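Written below as structure tokens is the structure these notes are about.
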Amino acid sequence: MAAASMSYRYREPTSPFRRKTMPLKSYWTFAFLMFTATRCSADDDHEMEEFLKREYSLSKPYQGVGSLGSSHWELMGDAMVTTDQVRLTPDKQSRQGAVWGRLPCHLTDWEMQVHFKIHGQGKKNLNGDGLAIWYTKERMQKGPVFGNMDNFTGLGVFVDTYPNEEKHLEAQKKRYTPRTQRIFPFVLAMVGNGSISYDHERDGRPTELGGCNAMVRNLKQDTFLFIRYIRRRLTVMIDIDGQHEWRDCLDIPGVRLPKGYYFGASSVTGDLSDNHDIISLKLYQLTVLRSQQEEEEEEEEITIPSVDNFELLKFGLVEEGMSGIAIFFTVLFSMLGCIFLIVIGLVVYSHWKENQRKRFY
């Protein structure tokens, strides 16, 4: 059953996540503006409540996890339960493990808070491969995508710790351009419809919705991942600095996910390895106020996962990712091209004027 209402931005002081309070003298200065913004914003926290759904959550003491008929969660592969975590894979080569919820989720709006830990003996870029958090139609299917099947149907959020594409380019004596280079570990999201393959060699670049770098390995402090799906908008945030504050990772509107899918987490190691641990998965049901138009739109059943304007979004990300050097040369060559055209035009015009004068002699 649902627990007491709570919000990640307005936690009680005992919670590790809280919002900094505004000084009293500043409050009255901005009170009217904040009130106006609250009235205008449909996504404001004052109009939203969160309820912990224990049947979709995984936390200590992990009572009955993996046993038949006594838990809402099921283990797969090399995953094992300890007193402190669910270890998806140990720091050993060629291991694969997962934990999957047994109950399909029929919530319209939800958020998942993931407490995880990635650690091992390997040095930078000598570890792998990462872990994934899933909300998919399929469950308990082994495969190459962080321990889950390829061509999945639903949402995958990946914490990728090994730069496959970079190593492949190094082997060919090539390098990333400044525009495309990224720092690993890297968090990214992907929506699949059952026919889209995850490009492992390119670290999922062709199908990613967006992402951010996240230095999550071998940290002393706790590391958290936040996934929110509300009003067909997907938001991913991270807290890895020990400051108990969320940092934006990606925010994508127009994400359409069907109800009735399963939550899970998986991981895989290859020639390189790490310990991939899930400490908790806490799912919250979100209750928000909706307009009549929004209510009517929600009544339309979604059967296939999709993202509105996905190609347009990818184009925008590529353009946004242009480096300063690339922009400089683009502008420079554009200016040189314009000057060249002007010079050609002036030459043609002078010849035309010369011919016009000769006609009168």
Side-chain angles (χ1 to χ4, degrees), residues 1-3 51-92 94-107 110-118 129-160 189-192 194 198 223-227 229 257-270 273-285 305:
M1 296 300 291
F51 300 91
L52 177 65
K53 304 295 288 184
R54 298 188 183 278
E55 63 269 36
Y56 302 118
S57 299
L58 173 68
S59 59
K60 296 179 183 180
Y62 315 114
Q63 185 174 2
V65 172
S67 59
L68 294 176
S70 59
S71 172
H72 296 309
W73 294 88
E74 186 173 1
L75 299 179
M76 183 180 71
D78 297 305
M80 61 179 295
V81 179
T82 72
T83 56
D84 297 320
Q85 69 268 318
V86 175
R87 177 153 292 174
L88 302 176
T89 57
D91 191 3
K92 297 181 180 180
S94 304
R95 299 302 175 95
Q96 187 172 148
V99 59
W100 282 95
R102 285 192 170 107
L103 300 178
C105 179
H106 293 279
L107 302 179
W110 50 265
E111 70 180 33
M112 173 71 79
Q113 294 185 14
V114 184
H115 186 184
F116 70 99
K117 189 175 184 64
I118 300 177
D129 285 329
L131 60 82
I133 306 299
W134 303 98
Y135 174 70
T136 55
K137 180 179 180 180
E138 309 86 4
R139 62 183 296 274
M140 301 294 290
Q141 299 291 326
K142 289 186 178 181
V145 186
F146 298 93
N148 190 30
M149 64 178 290
D150 200 2
N151 299 313
F152 60 87
T153 308
L155 171 68
V157 178
F158 312 133
V159 183
D160 192 349
M190 171 183 171
V191 170
Y198 173 82
T223 50
F224 297 87
L225 182 68
F226 171 97
I227 307 168
Y229 180 67
L257 299 176
K259 300 178 184 178
Y261 284 8
Y262 298 89
F263 287 104
S266 68
S267 179
V268 67
T269 64
S273 62
D274 255 338
N275 295 303
H276 298 95
D277 300 335
I278 296 294
I279 300 172
S280 68
L281 300 171
K282 294 184 179 180
L283 186 77
Y284 295 89
Q285 179 182 5

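Note that this is a predicted model, so its numbers are computed, not measured. Sequence positions, counted from 1, serve as the residue numbers for this chain.
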- prompt: Distance-only, no hydrogens or angles: does the Arg102 side chain make a donor-acceptor pair with backbone N or O of Glu74 under 3.5 Å?
  reply: no

task: Answer whether the closest heavy-atom distance between the side chains of Ile118 and Val159 falls below 4.5 Å.
output: yes

- request: Decide side-chain contact (heavy atoms from CB on, under 4.5 Å) for Phe224 and Gln113; before the verdict, give the C-alpha distance in whole Å, the side-chain angles of both, and the deciding distance to 0.1 Å.
  value: CA-CA 7 Å; Phe224 297 87; Gln113 294 185 14; 6.0 Å; no

query: Does Thr269 offer a backbone N or O that forms a donor-acceptor pair with the side chain of Thr89 under 3.5 Å?
result: no

message: If you apply the rule side-chain contact (heavy atoms from CB on, under 4.5 Å), what do you find for Arg87 with Val81, and how did you get there?
response: CA-CA 6 Å; Arg87 177 153 292 174; Val81 179; over 6 Å; no

- request: State, with a plain yes or no, whether a side-chain heavy atom of Leu88 is found less than 4.5 Å away from one of Asp277.
  value: no

- request: Report yes if some heavy atom in the side chain of Pro305 is under 4.5 Å from a heavy atom in the side chain of Pro258; otherwise report no.
  value: yes

task: Any chance you could lay out the side chain to side chain donor-acceptor pair (under 3.5 Å) test for Ser273 and Asp91, step after step, and finish with the verdict?
output: CA-CA 5 Å; Ser273 62; Asp91 191 3; 2.6 Å; yes

message: Tell me every residue that passes ring-ring contact (aromatic ring centres under 6.0 Å, His included) with Tyr229, counting only those two or more places apart in sequence or in another chain.
response: Trp110

- request: Step by step, work out the side-chain contact (heavy atoms from CB on, under 4.5 Å) result for Lys259 and Leu107.
  value: CA-CA 7 Å; Lys259 300 178 184 178; Leu107 302 179; over 6 Å; no

message: Would you say that more than 12 heavy atoms from the other residues, nucleotides or ligands in this model lie under 6.0 Å from the CE of Met80, or not?
response: no

field: Backbone N/O of Gly101 and side chain of Arg139: donor-acceptor pair under 3.5 Å
entry: yes

- prompt: Does any donor atom in the side chain of Asn148 or Ser266 lie under 3.5 Å from an acceptor atom in the other side chain?
  reply: no

task: Start with the C-alpha distance between Thr136 and Trp100, add both sets of side-chain angles, then the distance that settles side-chain contact (heavy atoms from CB on, under 4.5 Å), and finish with yes or no.
output: CA-CA 10 Å; Thr136 55; Trp100 282 95; 3.3 Å; yes

- prompt: Does the ring pair (Phe, Tyr, Trp, His ring centres under 6.0 Å) test come out yes or no for Tyr198 and Phe158, once each step is laid out?
  reply: CA-CA 11 Å; Tyr198 173 82; Phe158 312 133; 5.3 Å; yes

message: Pair Lys282, Glu111 - check salt bridge (charged side-chain N to carboxylate O under 4.0 Å, His left out), show working.
response: CA-CA 8 Å; Lys282 294 184 179 180; Glu111 70 180 33; over 6 Å; no

query: Okay, side chain of His276, backbone of Gly130: is any donor-acceptor separation there less than 3.5 Å?
result: yes

message: Using side-chain heavy atoms (C-beta onward) and a distance below 4.5 Å, is Val86 in contact with Leu75?
response: yes

query: So Trp134 and Phe152, would you call those rings parallel, tilted or perpendicular, with 30° and 60° as cut-offs?
result: perpendicular

field: Gln96: side chain to side chain donor-acceptor pair (under 3.5 Å) partners, not counting sequence neighbours
entry: none

query: Does any N or O in the side chain of Tyr56 come within less than 3.5 Å of the main-chain N or O of Pro104, such that one atom is a donor and the other an acceptor?
result: yes

